[in-house]
There are 2 protein chains.
Amino acid sequence: MLTNSRIAYHRHDHKRCINAALCRAKELCDARKARLTPIRETVLKTIWASHRPLGAYEIVDQISQSETSAHRVFPPTVYRAIQFLLDQGLIHRLSSLNAYIGCPFPGNYHSDFFLICEQCGSTAECSDDQVDHAVIHAAGRANFQVESKVIEIVGICPECQV
Amino acid sequence: MLTNSRIAYHRHDHKRCINAALCRAKELCDARKARLTPIRETVLKTIWASHRPLGAYEIVDQISQSETSAHRVFPPTVYRAIQFLLDQGLIHRLSSLNAYIGCPFPGNYHSDFFLICEQCGSTAECSDDQVDHAVIHAAGRANFQVESKVIEIVGICPECQV
DNA sequence: AGAAAAGATGTTACTTTGTATCGTTTATTC
DNA sequence: GAATAAACGATACAAAGTAACATCTTTTCT
Ligand SMILES: [Zn+2]
Ligand SMILES: [Zn+2]
Ligand SMILES: [Zn+2]
Ligand SMILES: [Zn+2]
């Protein structure tokens with residue numbers, strides 16, 4: 001099972017997460033000749049501010065209030081950056097929260113699911129063959145051909161358990 | 001595996017689905033001393049008009065335009081009915097679509113997931129122990145304690161496959 | 001039966017999330 | 001360097017969901 005749960009749910013040097021994510025994003029965009037423009041990078045950095053999913057308008061507010069950005073930023077600008085980052089697989093959308101979170105393993109194709117802590121909000125991403133197989137097998141019994149899946153698990157993370 | 005996929009994706013006498021759902025709803029609400037009021041029943045019937053998930057405002061429009069309802073119905077009225085039906089387990093919400101669908105097996109506790117056809121929109125509900133176990137097991141490896149899950153699979157239903 | 005409490009609905013106004021559109025700017029291509 | 005494509009700024013709007021309050025209905029208690 002591929003997961004960032006060991007990091008996401010525990011004390012760690014989060015600057016390294018941010019740096020790694022930004023570096024990897026540049027690499028991938030370079031390789032794909034996709035343009036990681038300043039706003040797109042700012043949005044990505046804002047989303048990576050923590051391991052908690054961030055709403056689009058929270059991103060708008062964060063960026064508008066930050067020192068670095070001279071002027072206010074408008075929703076369509078942020079949504080366009082979000083769309084780009086989704087297309088590049090650099091972030092994911094959590095449907096059950098209407099929020100966005102950075103992908104810890106972009107590039108490597110993975111069919112992922114999310115563990116969302118209802119206490120602290122921290123969210124880990126996982127990729128597990130057994131879950132995939134179970135879903136595809138169950139769908140197959142209904143003669144249903146799987147294209148994509150949304151799997152979002154809500155519960156209590158190791159740090160928040162008594 | 002418990003599922004209504006045999007029915008939902010194929011020609012069938014859908015009036016029986018509707019009748020069964022309404023009957024079962026009355027039974028359950030009676031047993032629980034919950035009040036299945038006229039609006040609540042109308043909303044349930046409207047959602048059960050097909051096996052395709054229906055948005056809240058589509059429900060508002062359907063009911064407002066129907067002969068039977070004298071006057072226009074407002075969003076909060078519908079949302080309150082939706083909340084009641086969700087609480088009673090008579091319908092489910094599909095987060096990835098912002099839409100609602102009738103539950104084919106209310107009463108029996110089931111941890112369910114959905115197979116959403118991207119062609120025709122028809123959606124089946126499934127409940128499968130292997131999927132449950134795979135998810136709980138994967139979460140367990142991250143020391144994550146599962147409370148609830150959102151599993152929505154998008155793909156092609158048997159009828160829509162070439 | 002009648003009063004009081006609880007539950008449900010009607011209505012207005014509002015919040016949150018996400019887009020269509022159009023004009024302008026910046027980068028790429030020829 | 002002109003033409004084309006891509007990205008951004010800004011306004012306005014659509015879609016999904018809710019807060020608040022008045023009114024009406026049902027249930028409960030005396
Ligand atoms: Zn981190
Ligand atoms: Zn937690
Ligand atoms: Zn049916
Ligand atoms: Zn179909």
Side-chain angles (χ1 to χ4, degrees), chain A residues 25-26 29-30 32-44 46-47 52-64 66 68-88 90-101 121 150 152, chain B residues 25-26 29-30 32-47 52-66 68-88 90-101 121 150 152:
Chain A
K26 274 173 207 163
C29 289
D30 261 18
R32 296 168 181 166
K33 298 195 199 309
R35 293 171 50 200
L36 187 62
T37 62
I39 311 128
R40 290 167 176 175
E41 194 175 339
T42 302
V43 169
L44 182 59
T46 306
I47 290 175
R52 285 184 294 281
L54 210 58
Y57 276 75
E58 291 180 297
I59 299 171
V60 169
D61 292 346
Q62 288 291 323
I63 296 180
S64 293
S66 82
T68 47
S69 80
H71 50 284
R72 199 186 151 215
V73 73
F74 293 92
T77 304
V78 167
Y79 275 102
R80 280 189 288 235
I82 286 173
Q83 190 56 58
F84 171 86
L85 298 169
L86 287 171
D87 290 345
Q88 298 297 324
L90 297 170
I91 62 171
H92 298 294
R93 179 174 196 275
L94 296 174
S95 304
S96 63
L97 299 175
N98 293 337
Y100 305 86
I101 192 160
V150 170
E152 298 172 16
Chain B
K26 274 172 206 163
C29 288
D30 261 19
R32 295 168 181 167
K33 300 194 197 308
R35 293 170 52 199
L36 188 63
T37 62
I39 313 128
R40 289 167 178 176
E41 195 175 338
T42 302
V43 169
L44 182 58
K45 205 187 300 182
T46 306
I47 290 175
R52 286 184 293 281
L54 211 58
Y57 277 73
E58 291 179 298
I59 299 171
V60 168
D61 291 345
Q62 289 292 323
I63 297 179
S64 293
Q65 287 163 20
S66 82
T68 46
S69 81
H71 49 283
R72 198 188 151 210
V73 73
F74 292 92
T77 304
V78 167
Y79 275 102
R80 281 189 288 236
I82 286 172
Q83 190 55 58
F84 171 86
L85 297 169
L86 287 171
D87 290 344
Q88 298 297 325
L90 298 169
I91 62 171
H92 298 293
R93 180 173 197 276
L94 295 175
S95 302
S96 63
L97 300 175
N98 293 338
Y100 304 87
I101 192 161
V150 169
E152 299 172 14

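Labels below follow one simple rule: chain letters A, B, ... track the order of the sequence lines, proteins then strands, and each chain is numbered from 1.
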Quick one: B:Ile39 CD1 to C:dA8 C1', roughly how many Å, whole number?
-> 7 Å

Counting side-chain heavy atoms from CB outward, which of C:dT17, C:dT19, D:dG17 is closest to B:Tyr57?
-> D:dG17

Measure from the side-chain heavy atoms of A:Pro76 and tell me the nearest of C:dT12, C:dT19, D:dG9.
-> C:dT19

Atom pair distance, as rounded to whole Å: CZ in A:Arg80 and P in C:dT25 | 15 Å

B:Tyr79 over D:dT18, stacked by centroid distance under 5.5 Å, angle under 30° | no

Can you check the A:Lys33 NZ to C:dT29 P distance for me, whole Å?
-> 9 Å

Minimum side-chain heavy-atom gap A:Tyr57-A:Tyr79 below 4.5 Å = yes

In whole angstrom, give the distance that lies between atom CD1 of B:Ile59 and atom P of D:dA15.
-> 16 Å

Euclidean distance, atom CD1 of residue A:Ile82 to atom C1' of D:dC8 [Å, nearest integer] = 15 Å

How many Å lie between CG on A:Leu36 and P on C:dT26, as a whole number?
-> 18 Å

Nearest non-hydrogen partners of A:Cys29 and A:Leu36, listed with the distance | SG-CB, 4.0 Å

Under-4.0 Å side-chain N/O to phosphate OP1/OP2 contact, A:Thr37 with C:dT26 | no

Does A:Ile101 reach the side chain of A:Arg93, with side-chain heavy atoms less than 4.5 Å apart?
-> no

Please report, rounded to the nearest Å, how far the C1' atom of C:dG18 is from the CD atom of A:Glu58.
-> 15 Å

Starting at the 5' end of DNA chain D and moving along, which residue's nearest nucleotide shows up first, B:Leu97 or B:Arg35?
-> B:Leu97

Within less than 4.0 Å of OP1 or OP2 of D:dC8, is there a side-chain N or O belonging to A:Thr77?
-> no

Distance, rounded to the nearest Å, where A:Asn98 contributes CG and D:dA15 contributes P = 16 Å

Within less than 4.0 Å of OP1 or OP2 of C:dT9, is there a side-chain N or O belonging to B:Arg40?
-> yes

Closest to side chain of A:Phe74, choosing from C:dA8, C:dG18, D:dA10 | D:dA10

B:Thr46 and B:Gln62: side-chain donor and acceptor closer than 3.5 Å?
-> no

Side-chain heavy atoms of B:Thr42 within contact of B:Lys45, under 4.5 Å | no

Compare the minimum distances between each of D:dG17, C:dA8, D:dA6 and the side chain of B:Ala56, then state the nucleotide with the smallest one.
-> D:dG17

